[in-house]
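Worksheet: the structure to be examined is printed underneath.
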Amino acid sequence: MAGRKQATMASAAAVALLLAMAAVSGAGAAPGPLMMCNVDVYRMIGACRSYCARGSWEATPSGQCCAALRGANLRCVCQNKGLLASAGNIDARLAMQIPSKCGIGNVPSRC
């Protein structure tokens, strides 16, 4: 029963993340915050998109990107990293490098 509840919560989180990404991609202004893994998804996407876009030449994420991820539940982020591949023009490999490039600690060893 607990496994089913976790799967349902993960599915809900996946849908929320995909909807947020679609909304940010298609709209100029985002509504209020959408929190997932202790991160404001709209803020994170807006601040980190240029660094983790496929084909990006940026060597490091911006200060705004790093700030958007501070305080994130990185275990939760790692558990949901598979969503990044389905999020349009996001290079999941680059996205998962953001915490270490920003000097954010407590990244799970298996992420």
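On a predicted model such as this, the values are computed, not experimentally measured, just so you know. Scope of the values below: all heavy atoms of this structure, side chains included, with no hydrogens, waters or symmetry mates. Note that the numbering runs from 1 along the sequence shown for the chain.
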* **Separation of Q64 CD from R43 CZ (nearest 0.5 Å)** => 8.5 Å
* Can you check side chain to side chain contact (heavy atoms under 4.5 Å, CB included) on I104 and S100, steps first, answer last? -> CA-CA 6 Å; I104 299 171; S100 63; over 6 Å; no
* To do: Run the numbers on R49 and N89 for side chain to side chain contact (heavy atoms under 4.5 Å, CB included), then give the verdict.
  => CA-CA 9 Å; R49 178 190 321 251; N89 192 33; over 6 Å; no
* Asked: What pair of heavy atoms forms the shortest contact from P99 to L74, and how long is it?
  -> CG-CD2, 4.0 Å
* Structure fact -> Closest heavy-atom pair, A95 versus I90, reported as atoms and distance to 0.1 Å, is CB-CG2, 4.3 Å
* Asked: Under 2.5 Å between the sulfurs of C65 and C102, yes or no?
  -> no
* Any side-chain heavy-atom pair of V41 and M35 under 4.5 Å -> no
* To do: Before giving the answer on side chain to side chain contact (heavy atoms under 4.5 Å, CB included), spell out for C78 and M96 the whole-Å C-alpha distance, their side-chain angles and the decisive distance to 0.1 Å.
  => CA-CA 8 Å; C78 286; M96 296 312 296; 4.0 Å; yes
* Structure fact -> Heavy atoms of L94 and S56 approach each other most closely as CD1-CB, 4.4 Å
* **Smallest separation among heavy atoms of E58 and S50, with atom names** => OE2-OG, 2.8 Å
* Asked: Does R75 CZ have over 12 foreign heavy atoms under 6.0 Å away?
  -> no
* Asked: Between K81 (side chain) and C76 (backbone), is there a donor-acceptor pair under 3.5 Å?
  -> no
* Structure fact -> On a heavy-atom basis, the closest approach of N38 and G71 is CB-O, 3.4 Å
* Asked: What is the minimum heavy-atom distance between C37 and V77, and which atoms define it?
  -> SG-N, 3.6 Å
